Amino acid sequence: MIPNCFRTAGAQISRRNFGNWNKVISFFNKKNNYATEASFETKPFRLHKLDSGPSNHVTVTKNDALEIYKHLHTIRRLETSAGNLYKEKIVRGFCHLYSGQEACAVGMKAAMRPQDAVITAYRAHGWTYLMGIEPVGVLAELTGRQLGNARGKGGSMHMYAKNFYGGNGIVGAQVPLGVGIAFAQKYLNTGGVCLSLYGDGAANQGQVFEVYNMAKLWDIPCIFVCENNGYGMGTSVERASASTEYYTRGDYVPGIWVDGMDVLAVREATKFAIEHCTSGKGPIILETATYRYSGHSMSDPGTSYRTRDEIQEVRQTRDPLTSFKERLLSTNLATADELKTMESEIRKKIDDAVKVAKADKEIPLSELSADIYANCLEKEIRSVTPFKSLSHVRLSTPVNL
């Protein structure tokens with residue numbers, strides 16, 4: 001059974017029309033006969049404790065649109081390759097894919113400023129790439145190789161970059177950490193905000209409500225983002241939550257519901273949220289209504305609690321890549337040849353990264369105790385064994401200090 005929020009949305013969207021996206025205005029360069037920018041109408045945002053919200057009228061330039069499509073397609077290709085490596089048993093352990101949810105991360109990143117930070121949950125591969133790590137750094141980390149983002153010691157959920165505080169394997173644990181990061185930004189007067197992402201499966205945890213209270217009490221510039229993909233592991237939102245309106249869950253914290261399959265709608269909602277936080281009004285909640293095509297993790301087939309027809313329906317009517325590509329083509333922001341060339345370049349880049357990740361070496365045993373501390377105050381690492389201590393080694397420069 002499709003969760004209500006997705007069933008309603010899907011019924012209102014035809015395969016060719018993609019909602020209100022046919023209501024567009026393009027601004028043409030007459031000499032070259034291509035659009036320099038285009039405007040679209042998004043689905044209405046739903047508001048909680050807000051007198052006004054983001055505009056439903058969104059505009060995107062040609063350059064920004066191409067950059068957005070590049071990021072969407074790269075993450076989709078990256079996750080497909082990660083899934084294939086897992087099936088080949090080259091990626092071991094946990095592996096949670098972001099396929100279907102790309103518009104959430106790409107839309108948020110398009111609105112973020114250099115001083116803004118983000119922390120997320122399991123599905124961290126795409127965010128790692130967006131925050132500045134090349135695909136080879138992501139795939140080599142997944143395969144446990146030394147060219148990986150964390151030298152192969154972190155794996156699927158523990159990758160980091162400047163202002164990116166990683167994925168987190170404990171359900172909901174990243175939400176309080178995100179509030180702590182935002183508190184530091186306020187304390188240090190950086191002018192930045194922190195986006196703290198969690199799924200609908202973590203939305204009922206007590207620690208989330210505790211930090212709602214703390215963030216509002218101290219007007220901390222934190223954007224709580226509930227990525228509602230309809231299922232917490234194998235349990236639908238209707239079976240798990242008495243209230244599925246996650247954007248209202250903060251009670252005294254304002255909230256916005258946004259179509260998480262529309263990258264431009266997510267971008268506009270995030271811009272609004274950043275302005276809200278930086279104006280001194282404190283935290284805000286975003287609920288992005290999205291969908292994952294794969295199971296909760298690679299060990300979950302994803303079809304024991306939902307039908308293949310449900311997944312196919314979302315792919316055909318709400319896919320974030322297909323729909324955004326339709327926007328680009330229908331408004332002359334890009335030609336089919338331009339996009340085909342871009343897709344080919346991305347495919348080659350990811351394929352090359354896969355080859356490197358497969359051929360790269362694992363780190364030696366001597367590196368297992370390296371880079372544990374940013375400032376190591378002792379020469380040896382304690383609590384390993386009483387008979388043979390390990391020496392701490394600095395091999396890289398710490399980030400986010």
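No hydrogens, no waters, no symmetry mates; every other heavy atom, side chains included, goes into these values. Model, not experiment: these values are computed from the prediction.
Side chains of T74 and E345 form no contact here, defined as non-hydrogen atoms less than 4.5 Å apart. Taking the side chain as every heavy atom from C-beta outward, D200 and Y246 approach each other to under 4.5 Å. In this structure, the side chains of T303 and I311 come closer than 4.5 Å at one or more pairs of heavy atoms. Residues H48 and R249 form no side-chain contact, since every pair of their non-hydrogen atoms from C-beta on lies 4.5 Å or further apart. Considering only heavy atoms from C-beta on, D219 comes within 4.5 Å of K186 through its side chain. Side-chain contact between D262 and K43: absent, with no pair of heavy atoms (C-beta onward) separated by less than 4.5 Å. Taking the side chain as every heavy atom from C-beta outward, M261 and V314 approach each other to under 4.5 Å. Between I181 and I119 there is a side-chain heavy-atom pair separated by less than 4.5 Å.
Other residues, nucleotides and ligands contribute more than 12 heavy atoms inside 6.0 Å of the CZ atom of R113. The neighbour count for L395 CG, taken as heavy atoms of other residues, nucleotides or ligands under 6.0 Å away, is above 12. No more than 12 heavy atoms of other residues, nucleotides or ligands lie within 6.0 Å of CD1 in I170, so this atom counts as exposed by the packing criterion. Surrounding CZ of R92 are at most 12 heavy atoms belonging to other residues, nucleotides or ligands under 6.0 Å away. No more than 12 heavy atoms of other residues, nucleotides or ligands shown are found within 6.0 angstrom of NZ on K70.
The structure places SG of C95 at 9.5 Å from CE of M157, a figure rounded to the nearest 0.5 Å. Rounding to the nearest 0.5 angstrom, the gap separating the CD1 atom in I346 from the OG1 atom in T341 is 11.0 Å. With rounding to the nearest 0.5 angstrom, the OG atom of S99 is 7.5 Å from the CZ atom of R315. Atoms CG and SG, from L177 and C194 in turn, are 9.0 Å apart once rounded to the nearest 0.5 Å. Note that OH of Y98 and OG of S294 are 13.5 Å apart. Values are rounded to the nearest 0.5 Å. One finds the OG1 atom of T322 at 10.5 Å from the CG atom of L72 (value rounded to the nearest 0.5 Å).
K349 contributes no side-chain N or O that, together with a main-chain N or O of P135, makes up a donor-acceptor pair within less than 3.5 Å. Side chain of D116 to main chain of V193: a donor-acceptor pair is present (N/O by atom type, distance under 3.5 Å, no hydrogens or angles). For D360 (side chain) and Q146 (main-chain N/O), a donor-acceptor pair under 3.5 Å exists by modelled atom type. Proximity of a side-chain donor or acceptor of N400 to a complementary backbone N or O of A161 within less than 3.5 Å is detected. Under a 3.5 Å cut-off, the side chain of T244 and the backbone N or O of E238 do not form any donor-acceptor pair. Formation of a donor-acceptor pair under 3.5 Å by the R394 side chain with backbone atoms of C376 is not found in this model. Looking at E79, its side chain never comes within 3.5 Å of a backbone N or O of G100 through a donor-acceptor pair. The backbone N or O of A150 lies less than 3.5 Å from a partner atom in the side chain of E141, making a donor-acceptor pair.
The two residues A65 and L333 have their closest heavy-atom pair at CB-CD1, 4.1 Å. Closest heavy-atom contact between R151 and E367: NH2-OE2, 2.8 Å. R267 approaches T59 most closely through the heavy-atom pair NH2-O, 2.6 Å. In plain terms, the two heavy atoms of L139 and A353 that are nearest each other are CD1-CB, 3.8 Å. In terms of heavy atoms, I223 sits closest to A273 at CD1-CB, 3.6 Å. For the pair A334 and K62, the tightest heavy-atom approach, listed with the atom from each and the gap, is CA-NZ, 4.0 Å.
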task = Determine, stepwise, if the pair D300 / M233 fulfils side chain to side chain contact (heavy atoms under 4.5 Å, CB included).
result = CA-CA 8 Å; D300 166 24; M233 296 189 73; over 6 Å; no

(request) Assess whether side chain to side chain contact (heavy atoms under 4.5 Å, CB included) is satisfied between L197 and Q174, documenting all intermediate values. (result) CA-CA 8 Å; L197 282 66; Q174 73 281 1; 5.8 Å; no

task: Determine, step by step, whether L328 and L339 satisfy the side chain to side chain contact (heavy atoms under 4.5 Å, CB included) criterion, reporting the C-alpha distance in whole Å, the side-chain angles of both residues, the deciding distance to 0.1 Å, and the verdict.
output: CA-CA 9 Å; L328 297 183; L339 298 184; 3.9 Å; yes

Mind running side chain to side chain contact (heavy atoms under 4.5 Å, CB included) on H296 and H96 for me, showing each step along the way? CA-CA 6 Å; H296 170 70; H96 303 79; 3.6 Å; yes

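Using the six-membered ring where Trp is involved, F324 and Y69 have ring planes that are parallel, under 30° apart on the 30 and 60° scheme. Between Y160 and H158, the angle of the ring planes lies from 30° to 60°, which puts this pair in the tilted group. Note on ring orientation: taking the six-membered ring where Trp is involved, the planes of H392 and Y373 are tilted (angle from 30° to 60°). Using the six-membered ring where Trp is involved, Y231 and Y305 have ring planes that are tilted, between 30° and 60° apart.
Evaluated for a side chain to side chain contact (heavy atoms under 4.5 Å, CB included) with L97, the options R76, R292, H125 yield exactly one hit, H125.
Remark: the Y293 side chain and the D319 side chain contain an N/O donor-acceptor pair separated by less than 3.5 Å. T290 and T288 form no side-chain donor-acceptor contact under 3.5 Å, judged by distance and modelled atom types alone. Checked by atom type, the side-chain pair T42/D259 shows no donor-acceptor distance below 3.5 Å. No hydrogens or angles considered: nothing links the side chains of E313 and Y291 as a donor-acceptor pair under 3.5 Å.
A salt bridge links E88 with K358: at least one charged nitrogen is closer than 4.0 Å to a carboxylate oxygen. Between D351 and K355 no salt bridge is recorded (no basic side-chain N to carboxylate O distance below 4.0 Å). We find that E343 and K340 are not joined by a salt bridge, their nearest charged nitrogen and carboxylate oxygen being 4.0 Å or further apart.
Aromatic pair F94/Y122: centroids not less than 6.0 angstrom apart.
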